[in-house]
Visitor: 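Below are the structure tokens for one structure; questions will follow.
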Amino acid sequence: MATLKEIAQEAGVSQATVSRVLNEDPTLSVKEDTRQKIFEIAERLEYKTSSARKGVHKSKLHFLVVYAYPQSTEVNDPYYLAIRYGIETQCARLNIELTHFYNGGEGREFSAIDGILVVGHLPPERLAMLCGLSNHLVFVDCRSQKEFDSVDVDLALISQQVVDYFIEQAHRRIGYIGGQNEAPDLRELAFFDYGQRLGVVQERDLYCGDFSSASGYRLAKEMLEGDWPKALFIASDSIAIGVLRAIHEKGLAIPQQIELISVNDIPIAKFTFPPLSTVRIHSELMGSQGINLLVERLRDQRSVPLRVLVPSRLILRGTTR
């Protein structure tokens with residue numbers, strides 16, 4: 001019977017790589033032709049994995065994905081739609097069965113599952129119910145569950161970078177238009193704390209509604225009725241679209257009379273007028289990495305929680321000078 005060493009020698013790779021390829025480790029980065037070569041050599045040499053030698057047949061994994069928000073949120077903000085797309089794409093790649101529940105799974109019956117991916121913040125009673133279903137939970141877009149695995153983006157750092165950029169452009173008064181779901185938004189908290197300490201943010205310049213274009217339009221109209229700040233940090237591109245409309249109706253020139261930076265870099269951001277300056281968040285990657293963490297946790301029976309931070313990048317377009 002063939003060994004890992006024999007396969008590794010013929011394929012020209014390490015034994016560890018062979019083992020991870022044959023066990024379909026989703027966290028392994030290897031060229032597709034190398035992966036195919038290893039499988040072909042293993043099949044030709046009639047190599048069997050340890051589970052196959054024991055007569056164990058691995059069944060298809062079944063993951064539950066619980067979204068803390070209603071499905072309509074994905075329509076108002078493509079950021080959340082991209083997270084779901086990343087989840088579904090990675091599960092299709094790994095042949096994992098998925099069941100989706102929105103609104104925290106309220107009032108739904110749950111079948112047998114191997115692991116749970118939670119997107120967003122859940123109230124304690126819902127979290128306790130999910131913990132009773134599985135020991136394997138991973139959170140996406142949620143930074144408050146430190147005892148569990150999580151995939152997130154550093155929103156506080158994003159807020160600080162935007163404030164720093166506007167200060168570099170000689171702005172001494174910066175406003176904020178944002179939204180909230182179940183929990184206070186970290187962008188707003190970090191923006192206010194950091195900006196206030198630097199003397200460029202006042203509480204009267206904070207406007208908060210929900211994460212929709214309609215909310216952005218309404219809040220911007222309210223802001224523009226008085227003495228408004230000439231630099232704005234917008235919590236999401238979807239909100240910013242409504243803000244842009246209100247600014248155009250006011251007859252203000254962008255960016256000469258007012259500048260703004262938003263967050264997410266959704267596909268339409270580069271096609272607004274003018275194109276949105278925004279912070280790109282790889283939300284699709286957040287979803288796929290959440291699945292990878294869940295698979296790895298199941299495979300290795302790991303108990304120590306891990307936190308993955310997906311990087312972001314400021315992209316300057318037409319709404320800044």
Visitor: Are the side chains of Leu232 and Met223 in contact, using a 4.5 Å heavy-atom criterion?
Guide: yes

Visitor: Is the ring pair Tyr80/Phe211 parallel, tilted or perpendicular, if the boundaries are 30 and 60 degrees?
Guide: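 Judged by the thresholds at 30° and 60°, the geometry between Tyr80 and Phe211 is perpendicular.
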
Visitor: Testing Glu88, Gln90, Arg84 one by one against Leu98 for a side chain to side chain contact (heavy atoms under 4.5 Å, CB included), which residue passes?
Guide: Glu88

Visitor: Kindly determine whether Ile83 and Val140 satisfy side chain to side chain contact (heavy atoms under 4.5 Å, CB included), including the steps that lead there.
Guide: CA-CA 9 Å; Ile83 290 177; Val140 175; 4.1 Å; yes

Visitor: Should Ser215 and Ser212 be marked as a side chain to side chain donor-acceptor pair (under 3.5 Å) after you check the CA-CA gap, both sets of side-chain angles, and the distance that decides it?
Guide: CA-CA 5 Å; Ser215 177; Ser212 68; 4.7 Å; no

Visitor: Is it true that atom CZ of Phe39 has more than 12 heavy atoms of other residues, nucleotides or ligands lying nearer than 6.0 Å?
Guide: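 Above 12, so yes.
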
Visitor: Can you get from Leu276 to Ile177 by hopping between Ile, Leu, Val, Met, Phe, Trp and Tyr side chains that sit under 4.5 Å apart?
Guide: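 Yes, it is one cluster - the side chains of Leu276 and Ile177 are joined through contacts under 4.5 Å.
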
Visitor: Is the backbone N or O of Tyr85 less than 3.5 Å from a side-chain atom of Thr89, with the two atoms forming a donor-acceptor pair by type?
Guide: yes

Visitor: Tell me, do Leu127 and Val118 make a side-chain contact under 4.5 Å, heavy atoms counted?
Guide: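 No, their side chains stay 4.5 Å or more apart.
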
Visitor: Do Asp164 and Leu198 come close enough that some side-chain heavy atom pair is under 4.5 Å?
Guide: yes

Visitor: Report the residue from Arg313, Lys270, Arg317 that forms a salt bridge (charged side-chain N to carboxylate O under 4.0 Å, His left out) with Asp265.
Guide: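 The passing option is Arg317.
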
Visitor: Measuring from atom OG of Ser134 to atom NE2 of His62, what distance do you get when rounded to the nearest 0.5 angstrom?
Guide: 11.5 Å

Visitor: If we only count heavy atoms from C-beta on, is the Ile116 to His136 side-chain gap below 4.5 Å?
Guide: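 Heavy-atom side-chain distance check fails, nothing below 4.5 Å.
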
Visitor: Are Phe233 and Ile315 connected into the same hydrophobic cluster when the rule is that any two of I, L, V, M, F, W, Y join if their side-chain heavy atoms are below 4.5 Å apart?
Guide: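 No, Ile315 does not connect to Phe233 through the hydrophobic network.
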
Visitor: Under 4.5 Å between side-chain heavy atoms, counting indirect links through other Ile/Leu/Val/Met/Phe/Trp/Tyr residues: same cluster for Leu157 and Tyr165 or not?
Guide: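 Different clusters: Leu157 never reaches Tyr165 through Ile, Leu, Val, Met, Phe, Trp or Tyr contacts under 4.5 Å.
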
Visitor: Where do Tyr102 and Glu74 land on the side chain to side chain donor-acceptor pair (under 3.5 Å) test, with the steps shown first?
Guide: CA-CA 11 Å; Tyr102 290 87; Glu74 297 177 346; 2.9 Å; yes

Visitor: Does some side-chain heavy atom of Asp210 sit less than 4.5 Å from a side-chain heavy atom of Ile239?
Guide: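 SC-SC contact between Ile239 and Asp210 ruled out.
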
Visitor: Short question: side chain of Gln289, backbone of Leu285 - any donor-acceptor pair under 3.5 Å?
Guide: no

Visitor: Test your reading of the model: is there a side-chain donor-acceptor pair from Lys250 to the backbone of Leu224, 3.5 Å cut-off?
Guide: yes

Visitor: Specify the closest pair of heavy atoms between Lys221 and Glu225, including all atoms of both residues, with the distance to one decimal.
Guide: O-CG, 3.2 Å

Visitor: Check each of Leu94, Ile113, Asp114, Thr99 against Phe63 using the side chain to side chain contact (heavy atoms under 4.5 Å, CB included) test, and report the only one that passes.
Guide: Asp114

Visitor: Report the distance from atom CD of Glu284 to atom CG of Leu81, rounding to the nearest 0.5 Å.
Guide: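 The CG atom of Leu81 is 10.0 Å from CD of Glu284, to the nearest 0.5 Å.
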
Visitor: Quick check: do Tyr79 and Met286 have side-chain heavy atoms less than 4.5 Å from each other?
Guide: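 Touching, per the 4.5 Å side-chain cut-off.
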
Visitor: With a 4.0 Å cut-off, would you call Asp149 and Arg307 a salt bridge?
Guide: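 No, Asp149 and Arg307 are not salt-bridged.
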
Visitor: How close do Pro78 and Ile266 get, counting heavy atoms only, and between which atoms?
Guide: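 Scanning both residues completely, I find the closest heavy atoms to be CB-CG2, 4.0 Å.
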
Visitor: If I compare all heavy atoms of Arg218 with all of Gly209, which pair ends up nearest, and what's the gap?
Guide: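 Reported closest heavy-atom pair: NH2-CA, 4.2 Å.
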
Visitor: Ignoring hydrogens, what is the shortest heavy-atom contact between Ser262 and Asp237? Give both atom names and the distance.
Guide: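 For Ser262 and Asp237, the tightest heavy-atom pair comes out as OG-OD1, 2.5 Å.
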
Visitor: Please say which of Leu294, Asp300, Asn292, Leu298 ends up in a side chain to side chain contact (heavy atoms under 4.5 Å, CB included) with Glu296.
Guide: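 Single pass found, and it is Asp300.
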
Visitor: Could you pull out the closest heavy-atom pair between Ser277 and Gly318, with the gap in Å?
Guide: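 That would be OG-N, 4.2 Å.
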
Visitor: I'd like to know if Glu249 pairs up with Arg245 as an ion pair, taking the criterion as any Lys NZ or Arg NE/NH1/NH2 lying under 4.0 Å from an Asp or Glu carboxylate oxygen.
Guide: yes

Visitor: What's the verdict on side chain to side chain contact (heavy atoms under 4.5 Å, CB included) for Tyr176 and Arg187, showing C-alpha distance, side-chain angles and the deciding distance?
Guide: CA-CA 10 Å; Tyr176 176 88; Arg187 275 163 290 203; 3.8 Å; yes

Visitor: Quick one: OG on Ser19 to CD1 on Ile38, what's the gap to the nearest 0.5 Å?
Guide: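 Atom-to-atom, Ser19:OG and Ile38:CD1 are 10.0 Å apart.
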
Visitor: Ignoring hydrogens and angles, tell me if any N or O in the side chain of Arg280 forms a donor-acceptor pair with the backbone of Ser312 under 3.5 Å.
Guide: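 Not a single qualifying donor-acceptor pair exists.
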
Visitor: Is the shortest heavy-atom distance from the side chain of Phe191 to the side chain of Ile174 under 4.5 Å?
Guide: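 Of all side-chain heavy-atom pairs linking Ile174 with Phe191, at least one is under 4.5 Å.
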
Visitor: Could you state the interatomic distance from SG (Cys142) to CZ (Phe148), rounded to the nearest 0.5 Å?
Guide: 10.0 Å

Visitor: Could you tell me if the side chain of Arg173 sits less than 4.5 Å from the side chain of Val200, heavy atoms only?
Guide: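 No, too far: nothing below the 4.5 Å cut-off.
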
Visitor: Please determine whether side chain to side chain contact (heavy atoms under 4.5 Å, CB included) holds for the pair Thr17 and Ser14, giving the CA-CA distance in whole Å, both sets of side-chain angles, and the decisive distance to 0.1 Å.
Guide: CA-CA 5 Å; Thr17 298; Ser14 68; 2.9 Å; yes

Visitor: Out of curiosity, Asn264 CG to Ser236 OG, how far, rounded to the nearest 0.5 Å?
Guide: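 Going from CG on Asn264 over to OG on Ser236, the span is 6.0 Å.
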
Visitor: Hey, is CD on Glu125 packed in by over 12 heavy atoms from elsewhere, all under 6.0 Å?
Guide: yes

Visitor: Check the pair Trp228 / Ile258 against side chain to side chain contact (heavy atoms under 4.5 Å, CB included), numbers first and verdict last.
Guide: CA-CA 9 Å; Trp228 64 88; Ile258 189 168; 3.9 Å; yes

Visitor: Take atom CD1 of Ile268 as the centre, draw a 6.0 Å sphere, and report whether it contains more than 12 heavy atoms from other residues, nucleotides or ligands.
Guide: no

Visitor: With clusters defined by side-chain heavy atoms of hydrophobic residues (ILVMFWY) lying less than 4.5 Å apart, directly or transitively, does Val153 cluster with Leu314?
Guide: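 Yes, Leu314 and Val153 fall within the same hydrophobic cluster.
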
Visitor: Among Gln169, Lys230, His171, find the residue that satisfies the side-chain hydrogen bond (donor to acceptor under 3.5 Å, both in side chains) test when tested with Glu259.
Guide: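 By the side-chain hydrogen bond (donor to acceptor under 3.5 Å, both in side chains) criterion, Glu259 pairs with just one of Gln169, Lys230, His171: His171.
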
Visitor: Answer with yes or no whether the hydrophobic clustering places Leu155 together with Tyr194; edges join I, L, V, M, F, W, Y residues whose side-chain heavy atoms lie under 4.5 Å apart.
Guide: yes

Visitor: Please round to the nearest 0.5 Å and tell me the distance separating atom CD1 of Ile96 and atom NZ of Lys60.
Guide: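 Output value for this atom pair is 9.5 Å.
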
Visitor: Is the shortest side-chain N to carboxylate O distance from Asp33 to Lys37 below 4.0 Å?
Guide: no

Visitor: Locate the shortest heavy-atom distance separating Ile241 from Ser213; write the atom from each residue and the value.
Guide: CB-OG, 3.8 Å

Visitor: Kindly say whether Ala269 contributes a backbone atom to a donor-acceptor pair with the side chain of Thr272 at under 3.5 angstrom?
Guide: yes

Visitor: Look at the aromatic rings of Tyr69 and Tyr67 and report parallel, tilted or perpendicular, splitting at 30° and 60°.
Guide: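 Ring orientation of Tyr69 relative to Tyr67: tilted.
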
